[in-house]
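Input: a single structure, listed below in structure tokens.
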Amino acid sequence: MKPRLARGLQDILPAQMLARQRMIDVIRSVYERYGFVPLDTPAIEFLDVLSGTGGEEAQASIFQVANPDNQEVPLGLRFDLTVPLARVIAQYADLPRPFRRYQVAPVWRADKPGPGRFRQFTQFDLDSVGVKSEVADTEIIAAACDTLEALDVGGFRVRVSSRKVLNLLMPFADIPTEAAADVFRVLDKLDKLGLDKVKLELTTGYKDKSGDTIRGLGLSSAQVQKIEQFLDIKADKREDVLVQIKEAFAGLDDADSAIGELEKISKHLAALGYDDDRVALDLSIARGLAYYTGPVFEAVLLDAPEYGSVFGGGRYDNLVMRFLGEAAPATGASIGVDRLLAALVHLKRIKLVNSTAQVLITRFDNDLIDDYLAMAFELRRAGVRTEMYVGTAKRVGKQLKYADQTDIPIAIMMGSDEKEKGTITIKDLAQGREMSKDMSGHEQWKTERPGQFEAPRSELVQTIKNLLTQIEG
RNA sequence: GCCGGUGUAGCUCAGUUGGCAGAGCGCCUGACUGUGGAUCAGGAGGUCGAGGGUUCAAGUCCCUCCGCUGGUACCA
């Protein structure tokens, strides 16, 4: 049997897993600071529970699971965390409302995999169910900002739009409402394709590089002109954008309430200190749009825009109705954990390391094994993450190399010399590596022993703790 | 899903009109029997993605499948 994985699946090896866990811990702590509570649901749901919203095409990208009890009732793997949340809301009538929950879990989509796009990936979701007010949307957007800041991602921008405001485009450009989904799907490509191609796709269509025919929507030039006018609505300041929107859509039905929503969110955010440089109003984001009903937003990293949206969400007031019959207003956001991690590694804002241990105790002399064990457990009991070398390499050189390869910063050595003196030899591997750059030959290396010093055995814990604070700054 | 590119050592890749399977880095061993770096000397490591076909002969040409990749469609 050849070891292999099915298409679009990946293993997450320790170095990446460690970075990812740290990321998840940070996100969780931000969400709990907002008072959100955790939820978990099974990976497997009834297929009809999953596929209700999207119709038949939606089913195409659901992984189906054979039902061992009844083949007539098929099962599937969840493709997001929002639909299971809607089911939970509808199923547990006595859950407190508002229900504000976070959930981090893998989801599956049987789409074509691409770079940074897998068939199993982990989402970290945050949702408020049962709140109609814009305050809930504001909190979600603020939490997105706080999360990105806590993750130290560098520059980012949250772009906020609104499904309701976008809907105004239809009467504004005199386009039938049935065409809305198609128009938005095309407009969503603006970033990727540029205005010229988008215009072609709105009207006559064109042939792309690979020779594929892109079907046009057949809009008139007057309609496209109106769309262009709409796309011209942009400004650095949220207030200026709001003024432009109001001007453009004055007099249209529902314009006041749609715009009012955005205005309130913008004002709340301003009061909290989330300024124009972090949160912008930008009508060019459409976010798939399928189940969104109100404000929508997404966040991009300014230094890695090619990674696309790393954080996105919006209001979806009708999703729960499917199960419940009554409306349950909801708003939320989702982080693509693996995509964000990939972007941060790319930006060198996360360093991948291969070990959890801070200290490696080398096995210098097998007769002293009990001394080594004693040191290891002394450090562990003091809270220092410690590994005693348990591999087969007898030579200390190899053991040090192992520490190097696994990114363990400190090595401890104790042979009979030290034992007699009551001391230990401590090596700061990173410092030694740094100092060795200026060394001429092996003799100097041997005599100077860079990054290495002796300390009394009795002061083991304190010495290591001091060195760790020094290293980890 | 559709159109194209690509697959050779752990990694990055070279490989001529079809004619003995290669390099750099990494890894292992030693110089250095109490020390990760550097230097030097050796060494291991490949069913050339898989299967089939053409040929005296296939990494090289042809077909099918799989993976990766660029574009496109989809993305609840």
Side-chain angles (χ1 to χ4, degrees), chain A residues 2 4-10 49-62 76 78-84 86 107 109-117 119 121 181 185-186 188-189 192-193 197 201 205-215 286-292 308-309 312 316 318-319 322 334 336 360 362-365 368 393-419 425-452:
Chain A
K2 196 178 174 184
R4 67 219 153 92
L5 278 175
R7 182 178 164 81
L9 302 180
Q10 62 169 347
V49 166
L50 292 175
S51 57
T53 44
E56 284 78 40
E57 314 107 36
Q59 280 209 15
S61 54
I62 296 179
R78 63 174 169 228
F79 56 80
D80 74 4
L81 301 177
T82 313
V83 169
V107 301
R109 294 186 190 179
D111 297 328
K112 177 194 160 191
R117 193 171 154 163
R119 283 181 159 183
F121 57 98
R185 180 172 49 73
V186 174
D188 207 29
K189 301 178 191 173
K192 222 166 105 184
L193 297 182
K197 285 195 175 167
E201 192 164 346
Y206 65 101
K207 267 190 202 291
D208 80 349
K209 270 185 247 164
S210 71
D212 249 18
T213 304
I214 310 297
R215 198 169 44 88
R287 293 222 32 87
L289 279 172
Y291 58 33
Y292 291 116
S309 156
Y316 51 98
N318 299 328
L319 193 55
R322 200 179 115 210
S334 179
L360 179 76
T362 59
R363 231 161 54 187
F364 214 105
D365 178 347
L368 300 179
K394 290 209 179 88
R395 317 182 67 168
V396 183
K398 280 202 188 172
Q399 299 182 28
L400 290 171
K401 200 162 189 173
Y402 169 79
D404 248 354
Q405 286 170 337
T406 52
D407 308 302
I408 300 173
I410 298 173
I412 294 179
M413 292 177 284
M414 183 179 80
S416 48
D417 293 0
E418 286 94 344
K419 169 88 173 171
T425 296
I426 297 170
K427 232 175 158 42
D428 175 341
L429 290 155
Q431 199 198 352
R433 198 178 304 125
E434 199 52 43
M435 289 168 72
S436 81
K437 283 179 183 162
D438 302 324
M439 290 197 169
S440 49
H442 192 68
E443 277 308 308
Q444 192 187 1
W445 168 264
K446 252 170 74 177
T447 43
E448 288 187 20
R449 296 292 182 219
Q452 180 173 327

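Letters A, B, ... mirror the listed sequences (proteins, then strands); counts begin at 1. Keep in mind the model is a prediction, meaning the values are calculated, not measured.
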Next item on the list: If the plane angle is over 60° it's perpendicular, under 30° parallel, otherwise tilted; pick one for Tyr292(A) and Tyr316(A).
Entry: perpendicular
Show me the protein contacts with nucleotides 36-39 of chain B, counting only N or O atoms at under 3.5 Å.
residue: G36(B); atom: OP2; partner: Trp445(A); partner atom: NE1; Å: 3.3
residue: G36(B); atom: O2'; partner: Asp404(A); partner atom: OD2; Å: 2.6
residue: G36(B); atom: O6; partner: Pro450(A); partner atom: O; Å: 3.2
residue: G36(B); atom: N1; partner: Leu429(A); partner atom: O; Å: 2.9
residue: G36(B); atom: N2; partner: Asp404(A); partner atom: OD1; Å: 3.2
residue: G36(B); atom: N2; partner: Leu429(A); partner atom: O; Å: 2.3
residue: G36(B); atom: N3; partner: Asp404(A); partner atom: OD2; Å: 3.2
residue: G37(B); atom: N7; partner: Trp445(A); partner atom: NE1; Å: 3.3
residue: G37(B); atom: O6; partner: His442(A); partner atom: ND1; Å: 2.3
residue: A38(B); atom: N6; partner: His442(A); partner atom: ND1; Å: 3.2

Notebook entry, point to check: With stacking defined as ring centroids separated by under 5.5 Å and planes differing by under 30°, is Phe79(A) stacked against A76(B)?
Noted result: yes
Checklist line | Separation of U35(B) P from Ile426(A) CD1 (nearest whole Å) | finding: 19 Å
Next item on the list: Indicate, yes or no, whether a donor-acceptor pair under 3.5 Å links the base of A76(B) to the side chain of Ser61(A).
Entry: yes
Next item on the list: Hunt down the Watson-Crick or G-U wobble partner of U55(B), both distances under 3.5 Å, from any strand shown, or write none.
Entry: none
Margin query: Distance check needed: U35(B) C1' versus Ile410(A) CD1, whole Å only.
Written below: 16 Å
Check: Atom CE of Met435(A) and atom CE of Met439(A): how far apart are they, to the nearest 0.5 Å?
Finding: 5.5 Å
Margin query: If you assign Arg119(A) and Arg7(A) each to the RNA chain B nucleotide with the nearest heavy atom, which residue ends up on the more 5' nucleotide?
Written below: Arg119(A)
Note to self: Using the C1' atom as the point on both nucleotides, what is the distance between G59(B) and C20(B), in whole Å?
What the structure shows: 13 Å
Note to self: Would you measure the distance from the P atom in C2(B) across to the matching atom in C61(B) and give it in whole Å?
What the structure shows: 25 Å
Check: Roughly how far apart, to the nearest Å, are C48(B) and A21(B) at atom P?
Finding: 10 Å
Note to self: For the P atoms, the ones on G5(B) and on C63(B), what distance do you get once it is rounded to whole angstrom?
What the structure shows: 11 Å
Item checked: N or O in side chain of Arg185(A) less than 4.0 angstrom from A76(B) OP1/OP2 -> no
Notebook entry, point to check: With no hydrogens and no angle check, is any side-chain donor or acceptor of Gln431(A) less than 3.5 Å from a backbone partner on Asp428(A)?
Noted result: no
Check: Rounded to whole angstrom units, what separation is found between the CD atom of Gln399(A) and the C1' atom of U35(B)?
Finding: 10 Å
Next item on the list: Could you check how far CD of Gln10(A) sits from C1' of C68(B), rounded to whole Å?
Entry: 14 Å
Next item on the list: Measure the distance from NZ on Lys112(A) to C1' on C74(B) and round it to the nearest whole Å.
Entry: 11 Å
Item checked: Close side-chain approach of Thr425(A) and Phe364(A), heavy atoms under 4.5 Å -> no
Notebook entry, point to check: Which base, if any, makes a Watson-Crick or G-U wobble pair with G18(B), both distances under 3.5 Å?
Noted result: none
Check: With both distances under 3.5 Å as the test, what is the Watson-Crick or G-U wobble partner of G34(B)?
Finding: none
Margin query: Quick check on C75(B): is either OP1 or OP2 less than 4.0 Å from any side-chain nitrogen or oxygen of Arg109(A)?
Written below: no
Margin query: Taking A57(B) as the reference, what is the distance to G18(B) when you measure between their P atoms (whole Å, please)?
Written below: 15 Å
Note to self: Ignoring hydrogens, what is the shortest heavy-atom contact between Ala411(A) and Leu400(A)? Give both atom names and the distance.
What the structure shows: CB-CD2, 3.6 Å
Check: Atom CG of Asp111(A) and atom C1' of G1(B): how far apart are they, to the nearest Å?
Finding: 11 Å
Check: Taking atom C1' in both G22(B) and G46(B), what distance in whole Å separates the two?
Finding: 11 Å
Notebook entry, point to check: How many Å lie between CG on Asp365(A) and C1' on U33(B), as a whole number?
Noted result: 14 Å
Next item on the list: Check whether any side-chain N or O of Thr362(A) sits under 3.5 Å from a backbone N or O of Ile412(A) as a donor-acceptor pair, and report yes or no.
Entry: yes
Margin query: Quick one: does any side-chain atom of Arg109(A) pair with a main-chain N or O of Arg119(A) as donor and acceptor, under 3.5 Å?
Written below: no
Next item on the list: Answer whether the closest heavy-atom distance between the side chains of Val396(A) and Arg363(A) falls below 4.5 Å.
Entry: no
Item checked: Partner nucleotide of G67(B) by Watson-Crick or wobble geometry (both distances under 3.5 Å) -> U6(B)
Next item on the list: For U8(B) versus G24(B), give the span between their C1' atoms, rounded off to a whole number of Å.
Entry: 15 Å
Check: Counting only Watson-Crick or G-U wobble pairs whose two distances fall under 3.5 Å, which nucleotide matches U29(B)?
Finding: A41(B)
Notebook entry, point to check: What is the base-pairing partner of A23(B), counting Watson-Crick and G-U wobble geometry with both distances under 3.5 Å?
Noted result: U12(B)
Notebook entry, point to check: Base, sugar-phosphate alone, or nothing: which one does Met435(A) contact when heavy atoms must sit under 4.0 Å apart?
Noted result: nothing
Margin query: Using only modelled atom types and a 3.5 angstrom limit, is any donor from either the side chain of Gln452(A) or the base of U35(B) paired with an acceptor on the other?
Written below: yes
Margin query: Under 4.0 Å between a side-chain nitrogen and a carboxylate oxygen: does that hold for Asp404(A) and Arg433(A)?
Written below: yes
Note to self: Using whole Å, what does the distance between atom C1' of nucleotide G1(B) and atom CD1 of Ile62(A) come to?
What the structure shows: 17 Å
Notebook entry, point to check: How far does the C1' atom of G15(B) sit from the matching atom of G30(B), given to the nearest Å?
Noted result: 33 Å
Next item on the list: With a 3.5 angstrom cut-off on both distances, give the Watson-Crick or G-U wobble partner of U72(B), or none if there isn't one.
Entry: G1(B)
